[in-house]
There are 2 protein chains.
Amino acid sequence: MSDLLARLRARRWRLTAQRRVVAQVLDGDHVHFTAEEIHARAAALLPEISRATVYNTLGELVAIGEVLEVSTDGRAKRYDPNAHHAHQHLVCDSCGTIRDVHPSVDPLVGLPTAERYGFTVSRVAVTYRGLCPDCAAGSAGAASALTDAEA
Amino acid sequence: MSDLLARLRARRWRLTAQRRVVAQVLDGDHVHFTAEEIHARAAALLPEISRATVYNTLGELVAIGEVLEVSTDGRAKRYDPNAHHAHQHLVCDSCGTIRDVHPSVDPLVGLPTAERYGFTVSRVAVTYRGLCPDCAAGSAGAASALTDAEA
DNA sequence: CTGTTGACTTAGACAGTGTCTAAGGTAGGG
DNA sequence: CCCTACCTTAGACACTGTCTAAGTCAACAG
C-alpha cells in the first residue's frame with residue numbers, strides 16, 4: 001500500500017529523498033516504531049538524514065492524519081501507519097510491543113452524557129495490556145509481578 | 001480518605017516526613033498531578049524535599065498499587081490516587097486535564113480470544129479524548145482542528 | 001534546459017522528564 | 001541511647017523531543 005507517496009503528492013508535498021525514505025520505512029513491516037527506530041531505518045537507506053527531519057516528517061504525517069501517534073508508556077511515542085482502519089492496541093507490558101486488533105464489536109459505546117462532565121468527546125482509545133507470547137514464555141511464573149494496573 | 005498512611009504503615013514502610021507529605025499531596029484534591037507538580041506541592045510543605053525522593057516514592061506507591069500511573073500524551077506521566085475503584089479517564093486534548101469517569105457499563109468486553117494473538121491480557125485502559133468545557137469555550141469553532149485521531 | 005525561490009534539511013544546542021550514584025541522615029528496633 | 005539498614009539528597013546523566021540559523025534543493029517558470 002505504497003500509495004502513501006501518491007497521497008502525499010496529492011497534498012502537494014515536496015517529495016524529497018528524506019520524506020520518501022521515511023514513508024518507505026512506515027510502509028514496510030506493519031509494526032509500530034519509535035521515532036528513533038524510524039530514524040535508524042531511514043538512515044540505513046539514506047545515511048545523512050537527520051533526526052530533526054524524521055521528527056518533522058512524522059509530525060506532519062500525524063497532522064494530516066496519515067499516521068497515528070501512540071503513547072502507551074511514558075517512553076517514546078510510537079508511530080502507527082495504519083491510520084485508515086479504526087482499531088485498538090494490544091500492548092506488552094514487558095517489551096512494549098504493540099499489535100493492532102480490529103474488534104468485531106465497537107466498544108466506543110457512547111459515554112453517557114451524564115458522565116461527560118461537559119467534555120466534548122471526539123474519540124476513544126482502548127488499549128489492552130498484558131504480556132506478549134514471547135515475554136509470557138520468558139517470565140513464566142513471574143506473571144504475578146504484574147501488580148501495576150492502569151484502568 | 002487519608003488511610004493511605006495507615007495502609008503504608010501496615011506495609012511496614014518507614015514513615016519519613018518526605019513520604020508523609022507526598023501521601024498528603026496525593027490525598028488532597030482528587031486531581032491528577034505530574035511528578036513535578038507533586039514535587040512543587042510537597043516542597044511547599046517540606047522545602048528541602050528532593051526530586052529524586054518524589055520520583056522514588058511515587059514509583060513505590062505505583063509498585064504496590066496504591067497509586068496509578070497514567071500516560072496520556074507523550075508528556076509527563078500523571079499520578080492517580082484513585083487506585084481502588086476501577087475507572088476510566090476523560091482527557092482534554094488541549095490542556096491535558098484528566099477526569100475520572102465511572103461507567104455504568106463496563107466496556108472491557110473481553111477481547112475475543114481469536115484477537116489476542118497469544119497475548120495474556122491482564123487489563124484494559126479506556127481513554128475518552130476531547131475538549132474540556134473550558135478549552136471548548138476558548139477554541140469555539142476551532143473544534144474542527146481536531147483532525148488527529150487515535151483509535 | 002536553466003534560473004529562481006521558498007520550502008526543506010542539517011547539526012547541534014537546548015528543554016522537559018526521569019534515572020542513577022555516592023555520600024550523608026534518620027526511623028525504629030534493641 | 002545506639003546501631004544499622006533504609007532513606008534522602010544534590011547533581012550528573014540519559015532519553016525524547018524541539019528549536020534555530022544557515023545551507024540546500026524540488027518544482028516551477030521561462
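In what follows, chains carry the letters A, B, and so on, assigned in the order in which the sequence lines appear, proteins first and then strands, with residues in each chain numbered from 1. Note that these values count all heavy atoms, side chains included, but never hydrogens, waters or copies made by symmetry.
- In terms of polar N and O atoms assigned as donor or acceptor, the side chain of A:R75 never comes within less than 3.5 Å of the base of D:dC15 in a complementary pairing.
- Scanning for side chain to side chain donor-acceptor pair (under 3.5 Å) contacts around B:R51 gives B:E36, with sequence neighbours left out.
- Atoms CZ (B:R14) and P (D:dC7) sit 6 Å apart, rounded to a whole Å.
- Judged purely by atom type and a 3.5 angstrom limit, B:E37 uses its side chain to pair as donor or acceptor with the backbone of B:T34.
- Of the possible polar contacts, one joining the A:T57 side chain to the A:T53 backbone as a donor-acceptor pair under 3.5 Å is found.
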Is there a side chain to side chain donor-acceptor pair (under 3.5 Å) between B:H87 and B:D80 once you walk through the steps?
CA-CA 11 Å; B:H87 63 280; B:D80 182 349; 2.7 Å; yes
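- When rounded to the nearest whole Å, the span between CZ of B:R12 and P of D:dC6 equals 12 Å.
- Between A:E69 and A:R78 no salt bridge is recorded (no basic side-chain N to carboxylate O distance below 4.0 Å).
- Base engagement by A:R51 is indicated by at least one non-hydrogen atom pair under 4.0 Å involving a base atom.
- Heavy-atom nearest nucleotides on DNA chain C were determined for B:A52 and for B:L15, and the one closer to the 5' end corresponds to B:A52.
- Counting non-hydrogen atoms under 4.0 angstrom, A:T16 reaches the backbone sugars and phosphates but no base.
- Spacing between atom CG of B:L46 and atom C1' of D:dT8 amounts to 11 Å, rounded to whole angstrom units.
- Here chain B contacts DNA chain C (any atom closer than 4.0 Å to a heavy atom, that is under 4.0 Å), and the contacts span C:dT17 to C:dG28 from 5' to 3'.
- Between B:A17 and B:K77, it is B:K77 whose nearest contact on DNA chain C lies nearer the 5' terminus.
- Sequence order on DNA chain D of the closest nucleotides to A:T34 and B:W13 puts B:W13 first from the 5' end.
- The pair B:D93-A:R123 meets the salt-bridge criterion, with a side-chain N (NZ, NE, NH1 or NH2) lying under 4.0 Å from an Asp/Glu carboxylate O.
- Between A:Y55 and D:dT18, a side-chain N or O to OP1/OP2 separation shorter than 4.0 Å is absent.
- Between A:D73 and A:R129 there is no salt bridge, since no side-chain N of the basic residue sits under 4.0 Å from a carboxylate O of the acidic one.
- Rounded to whole Å, the distance from NE2 on A:H39 to P on D:dT16 is 14 Å.
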